[in-house]
Amino acid sequence: MPSFTVFKGQSSSVAVKSTTTKPDQLIGDNVLVRVTASGVCGTDLHYRCANMVLGHEGVGIVEAVGPDAQTLKTGDRVGWGYEVDSCGHCIQCLQGAEPFCPQRTLYGLANHDQGSFASHAIWREAFLHKIPDGLTDAEAAPLQCAGATTFAALDNIHPGDTVGVLGVGGLGHLAIQFASKMGCRVVVLSSSDKKREEAMKLGAHEFVVMKDAAPLQVSSPLNRLLVTASTPPRWDLILPIMAPRSIVYPLSVSKGNFEVPYMALILKGIAVKGSLVASRNQHRKMLEFAALHQVKPILEEFPMSEEGINQAMDKLAKGEVYYRAVLVPADA
């Protein structure tokens with residue numbers, strides 16, 4: 001299948017239908033995937049004006065495999081996320097930290113002719129992840145980036161630890177579920193009270209409204225804080241409730257500075273840790289964990305068409321998507 005349908009960004013920020021052509025024969029461990037669902041991520045908004053195929057939260061069915069493929073076969077359900085290749089030989093790759101490989105292949109920086117807003121895509125078998133039976137294609141799609149990102153930020157957490165989640169949105173509502181299912185006390189920090197009931201149903205144990213609240217009151221200091229909100233944190237309110245030697249993970253994408261007061265970090269030994277995307281090891285553990293514990297995104301579905309894609313992205317840009325948007329083939 002040398003040609004398939006894709007949807008590209010352009011300078012007007014309106015996604016348009018196009019075609020990508022590839023060689024007739026698959027080489028190496030390349031795999032042809034028919035896309036059955038794609039998440040729409042906030043990162044996609046950063047590229048909607050670029051001349052490139054959009055989307056990086058892909059799920060689909062294997063239709064053909066290259067001569068060096070060893071684990072996947074036709075009919076398998078697979079997903080892929082923000083990273084689709086690395087060198088495999090550097091220290092970062094050998095230590096299982098391939099998202100930081102100097103030769104990594106990331107969405108937006110390479111492979112501009114294909115993505116998950118498409119009918120098909122071709123990726124290396126090594127960077128495709130089998131989808132467990134406990135997840136539908138639409139449920140699995142947002143987990144390829146949002147789910148993997150929040151799961152990775154909870155690496156090495158311990159049952160009984162207290163996890164703070166700042167913001168209840170596309171990332172935050174998954175972080176609440178993961179942390180709760182890991183046996184942690186989950187404290188949600190929000191600017192208003194409107195998502196309290198839903199957050200508690202998702203697994204939160206406490207819900208703290210930050211507006212006009214000084215100082216904040218929590219039952220236990222936060223061992224870890226996942227910042228998923230788009231607005232900068234109120235450190236004057238948050239740092240007093242952080243535990244000694246706790247860790248802050250900024251997960252929301254912003255071009256601005258992430259500013260934290262010096263003395264609070266020093267006196268409590270608080271660490272601020274960047275977390276790009278999950279490694280393949282974390283990604284696959286996340287999918288199995290999500291299927292086993294039924295961690296699922298709350299989602300809105302849109303058709304995989306010019307109209308559906310632009311509607312989903314416009315709603316996302318306005319903050320009107322109900323947690324996560326997912327594209328499905330228009331004829332599904």
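Just so it is clear, the structure is predicted and the values come from calculations on it, not from any experiment.
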Examine the side chains of [X] and [Y] and answer whether a donor and an acceptor come within less than 3.5 Å of each other.
{"X": "His129", "Y": "Gln144", "result": "no"}
{"X": "His120", "Y": "Glu63", "result": "yes"}
{"X": "His112", "Y": "Asn51", "result": "no"}
{"X": "Gln294", "Y": "Lys296", "result": "yes"}
{"X": "Asp85", "Y": "Thr105", "result": "no"}
{"X": "Glu198", "Y": "Tyr323", "result": "yes"}

Would you say [X] has more than 12 foreign heavy atoms packed within less than 6.0 Å of its [atom1]?
{"X": "Leu109", "atom1": "CG", "value": "yes"}
{"X": "Gln70", "atom1": "CD", "value": "no"}
{"X": "Lys285", "atom1": "NZ", "value": "no"}
{"X": "Glu307", "atom1": "CD", "value": "no"}

Closer than 4.0 angstrom, basic N to acidic O: yes or no for [X] and [Y]?
{"X": "Asp161", "Y": "Arg185", "answer": "no"}
{"X": "Asp68", "Y": "Arg124", "answer": "no"}
{"X": "Lys201", "Y": "Glu197", "answer": "yes"}
{"X": "Glu83", "Y": "Arg104", "answer": "no"}
{"X": "Arg280", "Y": "Glu98", "answer": "yes"}

- Kindly assign one of parallel, tilted or perpendicular to the pair Phe178 and Phe151, based on the angle between their ring planes and the thresholds 30° and 60°. perpendicular
- Parallel, tilted or perpendicular for Trp80 and Trp123, by the 30°/60° rule? tilted
Taking the side chain as every heavy atom from C-beta outward, state whether [X] and [Y] have any pair of such atoms under 4.5 Å apart.
{"X": "Leu45", "Y": "Met313", "value": "yes"}
{"X": "His293", "Y": "Gln177", "value": "no"}
{"X": "Asp44", "Y": "Tyr107", "value": "yes"}
{"X": "Thr228", "Y": "Leu174", "value": "no"}
{"X": "Ser180", "Y": "His205", "value": "yes"}
{"X": "Leu225", "Y": "Leu189", "value": "yes"}
{"X": "Gln282", "Y": "Asp155", "value": "yes"}
{"X": "Val40", "Y": "Val326", "value": "no"}

Shortest non-hydrogen separation from [X] to [Y] and the atoms involved:
{"X": "Gly108", "Y": "Met52", "result": "CA-CE, 3.7 Å"}
{"X": "Val277", "Y": "Pro99", "result": "O-CG, 3.7 Å"}
{"X": "Ala15", "Y": "Asn310", "result": "N-OD1, 2.8 Å"}
{"X": "Pro132", "Y": "Ala291", "result": "CB-CB, 3.6 Å"}
{"X": "His173", "Y": "Ile298", "result": "NE2-N, 2.9 Å"}
{"X": "Ala243", "Y": "Ile270", "result": "O-CG1, 4.1 Å"}

- Kindly determine whether Met286 and Leu143 satisfy side chain to side chain contact (heavy atoms under 4.5 Å, CB included), including the steps that lead there. CA-CA 8 Å; Met286 177 275 300; Leu143 297 180; 3.9 Å; yes
Side-chain heavy atoms nearer than 4.5 Å, only ILVMFWY residues, links allowed to pass through others: does that put [X] and [Y] together?
{"X": "Tyr82", "Y": "Val84", "value": "yes"}
{"X": "Met182", "Y": "Leu135", "value": "yes"}
{"X": "Val163", "Y": "Trp235", "value": "no"}
{"X": "Leu222", "Y": "Leu239", "value": "yes"}
{"X": "Phe4", "Y": "Leu54", "value": "no"}

When you measure from the side chain of [X] to the backbone N and O of [Y], does any donor-acceptor pair fall under 3.5 Å?
{"X": "Asp76", "Y": "Leu72", "answer": "no"}
{"X": "Arg224", "Y": "Ala153", "answer": "yes"}
{"X": "Ser252", "Y": "Ala229", "answer": "yes"}
{"X": "Thr149", "Y": "Cys145", "answer": "yes"}
{"X": "Glu300", "Y": "Ala325", "answer": "no"}
{"X": "Thr20", "Y": "Asp113", "answer": "yes"}
{"X": "Thr150", "Y": "Ala146", "answer": "yes"}
{"X": "Asn223", "Y": "Thr162", "answer": "yes"}

- Carefully, step by step, assess Val227 and Leu251 under the rule side chain to side chain contact (heavy atoms under 4.5 Å, CB included). CA-CA 6 Å; Val227 180; Leu251 299 182; 6.0 Å; no
- Message: I need the single residue from Leu32, Asn30, Ile122 that forms a side-chain contact (heavy atoms from CB on, under 4.5 Å) with Lys22. Which is it?
- Response: Ile122
Atom pair [atom1] ([X]) and [atom2] ([Y]), whose distance is rounded to the nearest 0.5 Å:
{"X": "Cys41", "Y": "His56", "atom1": "SG", "atom2": "NE2", "answer": "3.5 Å"}
{"X": "Asp193", "Y": "Met210", "atom1": "CG", "atom2": "CE", "answer": "14.0 Å"}
{"X": "Glu288", "Y": "Ile131", "atom1": "CD", "atom2": "CD1", "answer": "9.5 Å"}
{"X": "Gln114", "Y": "Phe117", "atom1": "CD", "atom2": "CZ", "answer": "14.5 Å"}
{"X": "Leu202", "Y": "Lys181", "atom1": "CG", "atom2": "NZ", "answer": "10.0 Å"}
{"X": "Ser38", "Y": "Phe7", "atom1": "OG", "atom2": "CZ", "answer": "11.0 Å"}

- Carefully, step by step, assess Val59 and Val78 under the rule side chain to side chain contact (heavy atoms under 4.5 Å, CB included). CA-CA 6 Å; Val59 170; Val78 295; over 6 Å; no
- Message: Run Ser3 and Thr21 through side chain to side chain donor-acceptor pair (under 3.5 Å) and show every step you take.
- Response: CA-CA 4 Å; Ser3 298; Thr21 300; 3.0 Å; yes
- List the steps and the verdict of side chain to side chain contact (heavy atoms under 4.5 Å, CB included) for Leu94 and His89. CA-CA 6 Å; Leu94 294 175; His89 306 295; 5.9 Å; no
